[in-house]
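Below is one structure, written out as structure tokens, with a few remarks after it.
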2 protein chains.
Amino acid sequence: MSSRDQLTDAMAALLWERGYAATSPRDVMARAGVGQGSMYHHFSGKHELAVAALSAVVDDVVGATSQLEGEGSPLERMKRYLSLPRQGTLGCRVGRMTQDPQVVEDADLLAIVAGAFDTMLGRWERVIAAAVDAGELPADTVPAELARTLAAIIQGGYVLARAQGAQEPMDAAVRGAVALLDAAHASVRTGRRPI
Amino acid sequence: MSSRDQLTDAMAALLWERGYAATSPRDVMARAGVGQGSMYHHFSGKHELAVAALSAVVDDVVGATSQLEGEGSPLERMKRYLSLPRQGTLGCRVGRMTQDPQVVEDADLLAIVAGAFDTMLGRWERVIAAAVDAGELPADTVPAELARTLAAIIQGGYVLARAQGAQEPMDAAVRGAVALLDAAHASVRTGRRPI
DNA sequence: GTCTATAAGGGGATAGAC
DNA sequence: GTCTATCCCCTTATAGAC
């Protein structure tokens with residue numbers, strides 16, 4: 001692998017483990033196994049290297065959300081995507097960035113993160129709208145709202161898992177979400193309105 | 001206010017804004033308006049000061065969850081607590097800490113965060129169990145799971161809000177959660193099971 | 001392309017005067 | 001109790017040799 005790729009891979013790993021602010025160029029070079037000259041030859045500095053690394057990470061993570069558009073009924077796809085294995089204690093490689101002030105205050109990095117969430121939420125909204133059309137969710141469901149609720153459950157699951165140092169809270173949060181969707185499904189066509 | 005309190009208040013504010021790793025003793029002293037000697041007189045160092053500050057923050061934040069035990073039916077209390085105003089783009093003062101490796105790797109600080117979530121989740125579980133007993137939620141609801149789902153929605157709402165630099169995703173996530181609870185409520189006593 | 005040397009400033013803490 | 005002076009190491013980068 002080229003020095004350049006070694007550097008972006010190392011930066012991606014360190015962004016995940018430590019975040020942007022806490023990762024020094026020295027750390028990246030040591031992990032990549034290249035010298036200082038290499039890094040400043042390929043990149044103007046830490047910032048440009050992080051932009052390249054985070055872009056690659058986002059492509060990877062957002063790619064997985066295409067499963068929301070796979071086979072099965074809309075509700076099945078939603079439940080299947082929610083139930084994908086996620087290592088809670090490691091945190092989300094993208095969502096994690098939002099807690100780093102140096103990322104949020106950096107227009108380039110924030111744009112990458114915001115774009116990732118835009119794409120993912122758009123996919124959620126479409127599958128939810130399809131589920132409503134298919135009669136799998138109540139007709140008064142607001143796709144834009146439920147999309148954010150479900151995305152938040154995944155992001156929040158990571159937070160709970162890290163707070164407790166355990167995988168279980170993440171899995172429990174997802175199971176609770178699936179149960180709520182099942183209940184919402186069960187409420188369709190009963191004619192009962194919320195009190 | 002005493003120098004000691006000035007210091008813990010300043011540290012609490014900086015933990016919220018920047019996190020633990022990114023906050024230097026120098027920052028804290030400048031914000032508190034006291035000299036270096038004062039800080040090292042009252043505290044052994046950055047770590048002990050952070051423990052004191054974070055403990056105070058947790059007492060405050062966890063105190064708000066007592067609203068889950070206030071007046072109204074269990075489901076009403078759940079929806080009311082979910083709908084409390086929260087400044088999404090500022091992030092959660094406690095949940096934020098979980099993304100800071102220096103916090104998660106520090107047994108003292110992690111214990112404070114874990115304890116906060118334990119208390120909060122316990123309150124969620126009790127009000128959920130009460131809602132099930134009252135027939136406001138399906139009988140097969142698992143309180144431990146739904147508690148984590150709802151806590152995750154709030155934590156994830158902060159993540160979404162920061163990712164987009166806007167309050168709206170947080171509020172949308174909560175409205176979607178309330179809608180799901182209403183649908184789950186509507187599904188009770190219909191006899192319909194998830195397909 | 002990749003290396004080492006070096007610089008200017010910050011992080012975290014100690015020493016000791018007042 | 002609070003202050004200033006000082007220390008050592010790390011961070012981010014530039015310079016220039018190879």
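So you know, we letter chains A, B, ... as the sequences are listed, proteins then strands, and number each from 1.
- Side-chain nitrogen and oxygen atoms of B:Ser3 include at least one within less than 4.0 Å of the OP1 or OP2 phosphate oxygen of D:dT2.
- No continuous path of hydrophobic side-chain contacts links A:Val104 to B:Met170 [ILVMFWY only; heavy atoms under 4.5 Å].
- Linking ILVMFWY side-chain heavy atoms closer than 4.5 Å, directly or via other members, places B:Val103 and B:Leu90 in two distinct hydrophobic clusters.
- For residues 9-26 of chain A, proximity to DNA chain C is found at no residue, defined as any non-hydrogen atom under 4.0 angstrom from a strand atom.
- Residues B:Arg162 and B:Thr89 have side chains that never bring a donor and an acceptor to within less than 3.5 angstrom of each other.
- With no hydrogens or angles considered, no side-chain donor-acceptor pair links A:Gln102 and A:Asp106 at under 3.5 Å.
- Surrounding CD of A:Gln87 are at most 12 heavy atoms belonging to other residues, nucleotides or ligands under 6.0 Å away.
- Remark: A:Arg86 qualifies as a cation-pi partner of A:Tyr81 under the 6.0 Å distance and 45° angle criteria applied to the six-membered ring.
- Between the C1' atom of C:dA13 and the CG atom of B:Leu7 lies a distance of 15 Å, rounded to the nearest Å.
- If you take CE of A:Met29 and C1' of D:dC10, they are 12 Å apart, rounded to a whole angstrom.
- Between the NZ atom of A:Lys46 and the C1' atom of C:dG10 there is a distance of 13 Å, given to the nearest Å.
- Judged by a 6.0 Å distance limit and a 45° cone about the ring axis, B:Arg148 is not positioned over the six-membered ring of A:Tyr158.
- A chain of hydrophobic side-chain contacts below 4.5 Å, direct or via other Ile, Leu, Val, Met, Phe, Trp or Tyr residues, connects B:Leu54 to B:Val61.
- Residue A:Asp106 contributes atom CG, which lies 14 Å from atom P of D:dT12 at whole-angstrom precision.
- Within residues 30-44 of chain A, the residues that place at least one heavy atom under 4.0 Å from DNA chain C are, in residue-number order, A:Val34, A:Gly35, A:Gln36, A:Gly37, A:Ser38, A:His41, A:His42.
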